[in-house]
Amino acid sequence: MSLLELQQTLREKVLETAKNVFNIELGQIASEVPPKTELGDLAFPVSFELAKRIKQETGEKQNPRAIAEQLKATLETHEAVDHVEVAGAGYLNVFYKRSKFLAQAATPKTFKTATENSPKRIVEHTAVNPNKAAHIGHVRNSVLGDTFVRILRANGDRVEVQNYIDNTGVQVADVVVAFIYLEKMNLDDIKRLDAELAEKHVSFDYYCWDLYAKVGQEYEKNAELKAKRAEVLHLIEEGDNDTAKLADYVATRNVECLLKTMERLGIRYDLLPRESEILHLKFWAKAFEKMKELGVIRFEMQGKNAGCWVMPFDTHTGNEEFDADKILVKSNGIVTYTGKDIAYQLWKLGVLGLDFNYRHFCFYDDRKEVWVTTTEETLNRNVPKFGGGDTVYNVIDTRQSYPQDIVKKGVSLVSPERGEAASVHLSYDMVTLSPAAAEELGFVLSEEDKKKPFVEMSGRKGLGVKADDFINLLDEKALAEVEKRHPDSSKDEKHKIAHIIAVGALRYFLLKFTRNTLIVFDFKEALSFEGETGCFCQYSAVRANSIFRKLEEGGLGKAVETISQNQVNLSEVIEDEVWALITLASRLEETIAQSVHAAEPAIVAKYTFNLAKAFNLFYHHHKILSEENELKRSVLIATADITRRTLTSALNVLGIEVPERM
RNA sequence: GCUCGCGUAGCUCAGUGGAUAGAGCGUUUGCCUCCGGAGCAAAAGGUCGCAGGUUCGACUCCUGCCGCGAGUACCA
């Protein structure tokens with residue numbers, strides 16, 4: 001029986017007793033982990049609630065402690081429970097049978113795995129405009145999304161990962177304007193440039209990063225150039241012309257670069273849905289039709305929105321300056337981004353009534369395939385079934401909460417049976433720079449900016465820490481540390497270890513903050529390998545593993561056997577501190593469930609760190625291999641094994657590997 | 001104006017209505033006769049923005065206020 005199941009059984013026992021003894025239907029009751037091991041393993045603060053209910057229903061006043069005493073007996077009948085104590089004003093504290101618990105935990109367990117019938121979750125994340133290199137703010141999105149994907153999988157769900165490519169938007173148009181009018185290049189020139197850059201080991205997306213910043217500055221002083229943007233955008237949207245072909249090349253190359261960057265962090269995708277297909281396959285027309293039919297949107301005959309199709313939004317109150325309704329189709333007949341997004345979301349949920357066509361985009365090194373949408377009918381019959389999620393999670397920053405609310409509402413009006421709950425905006429706050437960090441990067445700040453607590457990163461200004469630059473910095477720093485400790489390892493080995501550490505540092509740094517915390521990026525903190533870091537967690541696991549390298553052959557098996565044969569005697573040997581570690585290490589499954597429920601990856605990150613910390617404490621207090629009492633030694637070995645397995649699993653859920661040594 | 005988020009130790013942040021509010025960093029002081037010091041231990045540090053309310057019990061829920069941020073485009 002898993003810990004979760006045990007908790008549920010005990011909860012039900014309490015409910016049952018409340019009904020039988022006091023004739024009270026409690027519905028849901030809370031259980032909690034007591035603040036200290038000495039206080040037990042599971043607590044029910046249920047007697048307070050019961051006392052109130054009894055008074056309400058019978059007028060009889062009962063002491064919560066007396067109520068707890070009566071509940072105590074039934075819980076103690078459970079085979080996994082050692083004893084129950086009534087504490088404080090009426091807490092019901094349950095103590096598990098330590099030996100039985102340990103014997104069971106000593107056998108390795110795996111996560112639930114998804115089957116074809118498991119609910120399908122679609123997670124859309126990354127969605128960097130394909131016109132430049134990704135910066136650290138984009139990485140927060142991807143790491144959050146990717147980690148949530150891993151959390152869902154560990155929870156036994158079926159997951160599809162999408163990275164939306166806005167290949168026909170203004171940001172791509174800006175870079176295309178720059179190529180054509182500033183650099184005076186055509187498609188062949190760009191291809192030549194691309195080859196030259198490759199020789200110089202300059203990434204195409206880095207070149208575009210600078211170009212994008214350059215065109216942003218040019219717009220400021222050149223109105224004529226800025227006018228080109230609308231013209232270029234129109235040509236790109238229309239498709240089937242030289243400008244659109246050039247734009248497609250630029251966007252595709254940037255996507256290729258992006259996928260490489262993300263692969264360095266262990267982040268992968270199943271499908272790249274592109275805006276160009278949403279346009280050309282007329283997804284919007286279909287959604288528009290449905291929305292009109294169902295009366296979800298209305299055509300404004302008068303007022304300032306005359307000639308537009310709008311969706312009423314009643315939770316906001318408008319005034320002269322701001323409108324409460326959201327325009328989906330402009331008076332010139334052009335659909336807004338939010339409109340297109342509703343169509344895309346309907347497709348993700350499988351209720352649009354249209355589908356994309358798909359073609360191969362690329363393979364990862366292990367031959368896992370990435371697909372991209374296309375307009376042409378595909379001959380390939382082995383295309384996976386994309387879309388049609390039971391739940392769709394959109395990882396998008398919090399500034400887009402309003403349009404996301406509109407999308408959610410629009411979709412639920414078109415498909416009430418799916419409702420608003422099927423669309424989840426997994427929102428998060430920005431990664432910004434401290435003014436000092438921005439100046440460190442060589443940016444000249446205005447006096448106004450200098451006074452601010454943080455400066456927003458801006459691709460348009462070229463202000464930001466590029467993802468690859470930062471990963472390189474972490475790689476270098478980690479390599480220097482590895483050199484110090486393992487000068488004799490091979491060069492490949494050292495690089496490999498350094499990179500695992502670098503990825504751990506970056507991912508953990510971005511995951512330890514809860515989603516709605518604004519991160520002010522600090523180089524020193526983000527580059528740290530000490531304290532609450534990924535490295536700390538990896539280090540604990542590596543040390544745990546090194547115990548088992550030194551343990552005699554078959555030592556672990558022998559320890560487990562000793563434990564299962566001596567269950568009765570174990571209780572004396574399992575002291576509180578060791579027991580605290582065993583129970584903590586048994587809570588990964590529960591933590592993952594919580595994390596899914598709250599859509600909050602930071603919960604798993606915090607858990608992992610706490611487990612690593614608890615292991616270090618254990619490690620310093622016990623000499624495991626030299627322990628002379630065989631029974632105690634077995635307990636220590638089993639505890640270390642449970643911990644390292646859980647720690648490794650938890651880190652993997654965070655997308656962090658455990659190196660052989662470090 | 002309205003909507004949403006935030007305000008907790010010097011700094012950066014955790015904290016499903018429950019027991020004495022916790023970490024990391026920083027500061028001070030200890031710990032390698034070793035299964036790895038990228039570590040461990042101890043000390044100092046708090047009016048949980050303010051004021052009411054609900055509750056047996058509030059950092060947590062409700063109301064009002066103060067401060068900060070974001071959104072509120074016929075941009076994407």
Side-chain angles (χ1 to χ4, degrees), chain A residues 30-32 34-36 39 43 45 47-49 51-52 55 64 87-91 93 129 166 168-173 233 275 304-310 313 315-324 326-334 336-338 340-341 397-403 405 427 429-430 453-454 478 481-482 484-485 501 512-514 516-520 522 524-525 528-533 535-536 538-540 542-551 594 597-598 602-603 605-606 609-610 613 616-617 619-627 636 640 661-662:
Chain A
S31 63
E32 59 184 82
K36 282 184 172 179
L39 291 171
S47 309
F48 311 111
E49 172 74 13
K52 186 163 67 178
K55 196 177 165 212
Y91 283 95
N93 290 342
N129 271 298
D166 187 5
T168 54
V170 276
Q171 293 215 22
V172 169
L233 181 61
E275 190 186 34
K304 63 178 206 169
N305 291 339
C308 301
W309 284 90
V310 306
F313 204 65
T315 56
H316 293 58
T317 316
N319 60 10
E320 298 90 20
E321 202 181 343
F322 304 112
D323 204 335
K326 177 66 193 169
I327 291 165
L328 296 186
V329 181
K330 308 188 235 174
S331 57
N332 61 6
I334 291 174
T336 62
Y337 182 86
T338 308
K340 282 182 275 189
D341 223 17
D397 83 77
T398 182
R399 289 173 297 182
Q400 296 206 40
S401 293
Y402 176 66
D405 279 349
S427 69
D429 219 317
M430 302 176 278
F454 57 83
E481 296 290 330
V482 175
K484 265 195 257 173
R485 293 168 174 78
I501 293 168
K512 71 175 175 177
F513 301 96
T514 49
N516 53 8
T517 299
L518 184 138
I519 300 179
V520 180
D522 179 78
K524 187 169 167 283
E525 206 191 328
S528 173
F529 295 143
E530 285 166 20
E532 191 190 344
T533 62
C535 184
F536 175 94
Q538 289 169 320
Y539 185 64
S540 298
V542 167
R543 287 213 294 199
N545 284 336
S546 79
I547 296 171
F548 290 87
R549 261 204 305 276
K550 304 229 164 131
L551 183 66
Q594 270 175 25
H597 180 74
I603 294 174
K606 289 283 173 195
F609 172 66
N610 284 326
K613 212 161 41 134
N616 278 336
L617 186 69
Y619 182 89
H620 277 269
H621 285 187
H622 301 280
K623 296 287 165 231
I624 297 163
L625 294 178
S626 52
E627 173 59 49
L636 296 178
R661 63 186 70 189
M662 61 188 282

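Chain letters run A, B, ... following the sequence lines, proteins first, then strands; residues in each count from 1.
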Distance between the [atom1] atoms of [N] and [M], in whole angstroms?
N: C32(B); M: G46(B); atom1: C1'; result: 36 Å
N: G49(B); M: C31(B); atom1: P; result: 40 Å
N: A14(B); M: G5(B); atom1: P; result: 15 Å

Identify which nucleotide among [options] has an atom closest to any side-chain atom of [X], counting heavy atoms from C-beta outward.
X: Lys52(A); options: G71(B), A76(B), U55(B); answer: U55(B)
X: Asp166(A); options: A23(B), G36(B), A76(B); answer: A76(B)
X: Ile624(A); options: C35(B), A70(B), A19(B); answer: C35(B)
X: Leu39(A); options: G36(B), A19(B), A38(B); answer: A19(B)
X: Tyr337(A); options: U12(B), A76(B), G15(B); answer: A76(B)
X: Asn516(A); options: G5(B), C13(B), G71(B); answer: G5(B)
X: Leu617(A); options: A41(B), A76(B), A38(B); answer: A41(B)

At 4.0 Å (heavy atoms only), tell me whether [X] reaches a base, stays on the sugar-phosphate, or touches nothing.
X: Pro64(A); answer: nothing
X: Ser31(A); answer: base
X: Glu481(A); answer: base
X: Arg661(A); answer: base
X: Ile334(A); answer: nothing
X: Val520(A); answer: nothing
X: Gln171(A); answer: nothing
X: Phe536(A); answer: sugar-phosphate
X: Asn610(A); answer: nothing
X: His622(A); answer: base
X: Ile501(A); answer: base
X: Gly88(A); answer: nothing
X: Ala43(A); answer: base
X: Lys623(A); answer: base

With both distances kept under 3.5 Å, what pairs with [N], Watson-Crick or G-U wobble?
N: G39(B); answer: C31(B)
N: A70(B); answer: U3(B)
N: U63(B); answer: A51(B)
N: G22(B); answer: C13(B)
N: A58(B); answer: none

Checklist entry - Does C32(B) fall in syn (glycosidic angle within 90° of 0) or anti? => result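 Syn, angle within 90° of zero.
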Next on the checklist: Under a 4.0 Å threshold between the charged nitrogen and the carboxylate oxygen, would Asp522(A) count as salt-bridged to Lys524(A)?
Outcome noted: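 No, no charged N to carboxylate O under 4.0 Å.
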Checklist entry - With the threshold set at 4.0 Å, does a side-chain nitrogen-carboxylate oxygen contact exist between Glu532(A) and Lys606(A)? => result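 Looking at Lys606(A) together with Glu532(A), the answer is yes, because their closest N to O distance falls below 4.0 Å.
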Could you tell me whether the phosphate oxygens of [N], OP1 or OP2, come under 4.0 Å of any side-chain nitrogen or oxygen in [X]?
X: Arg485(A); N: A38(B); value: yes
X: Thr398(A); N: G5(B); value: no
X: Lys512(A); N: U12(B); value: no
X: Tyr619(A); N: G36(B); value: yes
X: Asn332(A); N: C74(B); value: no
X: Lys613(A); N: C40(B); value: no
X: Asn616(A); N: C40(B); value: yes
X: Arg543(A); N: G37(B); value: yes

Checklist entry - Which residue, Glu275(A) or Met430(A), contacts RNA chain B at a nucleotide closer to its 5' end, judged by nearest heavy atom? => result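 Mapping each residue to its closest nucleotide by heavy atoms, the 5'-most match is Met430(A).
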Checklist entry - When the nearest nucleotide of RNA chain B is assigned to Asn93(A) and to Lys330(A) on a heavy-atom basis, which residue is associated with the more 5' position? => result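 First, find each residue's nearest nucleotide; the 5'-ward one identifies Asn93(A).
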Checklist entry - Has the side chain of Thr517(A) got a donor or acceptor atom sitting under 3.5 Å from an opposite partner on the base of C13(B)? => result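 Between C13(B) and Thr517(A), which were checked side chain against base, a qualifying N/O pair under 3.5 Å is absent.
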Checklist entry - Under 3.5 Å, is there an N or O donor on one side and an acceptor on the other linking the side chain of Asp397(A) and the base of A70(B)? => result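 A donor-acceptor contact between them is absent.
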Item to check | Asp429(A) CG to C6(B) P, straight-line distance once rounded to whole Å | outcome: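 One finds 10 Å between P of C6(B) and CG of Asp429(A), rounded.
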Checklist entry - For Lys326(A) and C74(B), what is the distance between atoms NZ and C1' respectively, to the nearest whole Å? => result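 The answer, rounded to whole Å, is 9 Å.
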Checklist entry - Shortest non-hydrogen contact from Pro45(A) to Ala30(A)? => result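 Smallest interatomic distance, heavy atoms only, reads CD-O, 3.6 Å.
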Item to check | Residues, nucleotides or ligands: over 12 heavy atoms within 6.0 Å of His597(A) NE2 | outcome: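 No, the 6.0 Å shell around NE2 holds no more than 12 heavy atoms from other groups.
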